[in-house]
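Shown below is the structure under consideration.
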Amino acid sequence: MEADRGKVRLRPPRNALDKRVVGWWRLQGTLFWISPVLVLVLLGLLIPPARFWLLTPAAVFAVLGLVWVLAMPVWWFKVHRWEVTETAVYARSGFFWQEWRVAPMSRIQTVDTLRGPLQQMFELATVTVTTASARGAVKIRGLDHELAASLAEQLTETTQATPGDAT
């Protein structure tokens, strides 16, 4: 937050995700879109009378999936940002509906890291900052796995030293 003539305004978080996140998102998208395409193609080959009615949607899904896989991860990379300051954890995510989340250090209850199989392939991790908020945890997806571990350690130490209502 920056002070501007006595007013406090929210500014975008400064840090971008690791560039490998684009590849991770593309692989996730490919796995998501390829399933219906393969099922429709297989059924179209096995059921000749319905071939047109099965292969046409397969082609549509393939084109939509290709556009999604090429465009969305690049867009998300431009939108997703994160930052940790002495007072809070900031995260911005989304596509059409962009969400900015702020977790004050005094409200942080737990800090976790997650590395699923695909994230491990790309040497990435997710840091989850849990607070008492009804909106749920603040998640920073797509960090370098070593940075994520270091960040989790730093946040744990900082929250232990920060007085507040979550300790």
Side-chain angles (χ1 to χ4, degrees), residues 1-37 39-40 57-145 147-149 151-152 154-155 158-159 164-166:
M1 293 191 190
E2 296 176 359
D4 185 36
R5 295 186 194 157
K7 295 181 182 179
V8 178
R9 65 182 181 96
L10 190 63
R11 63 165 174 74
R14 290 191 170 110
N15 302 320
L17 301 177
D18 191 285
K19 290 181 181 180
R20 291 172 288 182
V21 76
V22 173
W24 175 50
W25 285 331
R26 282 191 170 143
L27 181 56
Q28 285 180 310
T30 300
L31 294 173
F32 175 83
W33 286 97
I34 203 165
S35 300
V37 171
V39 168
L40 290 168
V60 170
F61 278 128
V63 170
L64 289 174
L66 182 62
V67 170
W68 190 97
V69 165
L70 293 176
M72 292 300 291
V74 174
W75 175 265
W76 285 343
F77 183 75
K78 291 178 182 179
V79 171
H80 287 69
R81 294 285 181 264
W82 69 278
E83 184 175 1
V84 174
T85 66
E86 292 178 7
T87 57
V89 176
Y90 301 86
R92 183 178 72 183
S93 62
F95 176 61
F96 289 119
W97 290 270
Q98 294 181 13
E99 180 179 49
W100 291 18
R101 301 284 310 274
V102 180
M105 290 295 178
S106 63
R107 301 297 310 261
I108 293 175
Q109 294 177 330
T110 62
V111 180
D112 303 301
T113 59
L114 172 71
R115 293 187 67 210
L118 297 181
Q119 284 180 309
Q120 289 179 40
M121 284 176 47
F122 288 91
E123 297 183 348
L124 297 172
T126 297
V127 173
T128 303
V129 178
T130 307
T131 67
S133 168
R135 289 282 294 148
V138 174
K139 293 186 179 187
I140 306 170
R141 295 176 175 93
L143 297 177
D144 174 80
H145 69 101
L147 174 61
L151 184 61
Q154 172 195 347
L155 287 171
T158 303
T159 55
D165 56 359

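Every heavy atom of this structure was used, including side-chain atoms; hydrogens, water molecules and symmetry mates were not.
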> Are Val127 and Asp112 side-chain neighbours, meaning at least one heavy-atom pair lies under 4.5 Å?
Replying inline: no
> Roughly how far, to the nearest 0.5 Å, is CG of Leu151 from CG of Asp144?
Replying inline: 11.5 Å
> What's the shortest heavy-atom distance between Ala88 and Met105, and which atoms?
Replying inline: N-CG, 3.8 Å
> Listed by chain and number, what are the side chain to side chain contact (heavy atoms under 4.5 Å, CB included) partners of Val21, not counting sequence neighbours?
Replying inline: Leu17, Trp24, Trp25, Phe77, Leu124
> Taking all atoms of both residues into account, what is the closest heavy-atom pair of Ala91 and Lys139, and its distance?
Replying inline: CB-O, 4.3 Å
> Looking only at heavy atoms, what is the nearest atom pair of Arg115 and Ala125, with distance?
Replying inline: CG-CB, 3.5 Å
>> Once salt bridge (Lys or Arg N to Asp or Glu O under 4.0 Å) is applied, do any residues pair with Glu83, and if so which ones, sequence neighbours excluded?
In response: Arg11, Arg14
>> Please find the pair of heavy atoms, one from Pro13 and one from Tyr90, that lie closest to each other, and give the distance.
In response: CG-CB, 3.8 Å
> Does a side-chain heavy-atom distance below 4.5 Å link Val69 with Val67?
Replying inline: no
> Quick one: does Arg101's side chain have a donor or acceptor within less than 3.5 Å of a partner on Ala137's backbone?
Replying inline: yes
> Taking the six-membered ring for Trp, are the ring centroids of Trp75 and Phe95 within less than 6.0 Å of each other?
Replying inline: yes
> Would you call Arg92-Glu99 a salt bridge at under 4.0 Å N-O?
Replying inline: no
>> Ignoring hydrogens, what is the shortest heavy-atom contact between Thr113 and Ala148? Give both atom names and the distance.
In response: CG2-O, 3.7 Å
>> Is any side-chain heavy atom of Val138 closer than 4.5 Å to one of Thr131?
In response: no
> Rounded to the nearest 0.5 Å, what separation is found between the CG atom of Leu155 and the OG1 atom of Thr159?
Replying inline: 7.0 Å
> Is the closest side-chain donor-acceptor distance between Thr126 and Gln119 under 3.5 Å?
Replying inline: yes
>> Walk me through whether Arg81 and Asn15 qualify under side-chain contact (heavy atoms from CB on, under 4.5 Å).
In response: CA-CA 5 Å; Arg81 294 285 181 264; Asn15 302 320; 5.9 Å; no
> Should the pair Trp33 and Phe61 be assigned to parallel (<30°), tilted (30 to 60°) or perpendicular (>60°) ring geometry?
Replying inline: tilted
>> Could you go through Thr128 and Leu114, starting from their C-alpha distance and side-chain angles, then the distance that decides it, and tell me whether this counts as side-chain contact (heavy atoms from CB on, under 4.5 Å)?
In response: CA-CA 8 Å; Thr128 303; Leu114 172 71; 5.5 Å; no
> How about Val129 and Gln109: do any of their side-chain heavy atoms sit closer than 4.5 Å?
Replying inline: no
> Got a sec: does the CG of Leu64 have more than 12 other heavy atoms crowding it under 6.0 Å?
Replying inline: yes
>> Suppose we screen for side chain to side chain contact (heavy atoms under 4.5 Å, CB included). Which residues come up paired with Ala62, at least two apart in sequence or across chains?
In response: Val37
> Is there side-chain contact between Val89 and Ile140, with at least one heavy-atom pair below 4.5 Å?
Replying inline: yes
> Is Trp82 reaching over with its side chain to a backbone N or O of Ala16, donor-acceptor style, under 3.5 angstrom?
Replying inline: yes
> Asp18 versus Leu143: any side-chain heavy-atom pair under 4.5 Å?
Replying inline: no
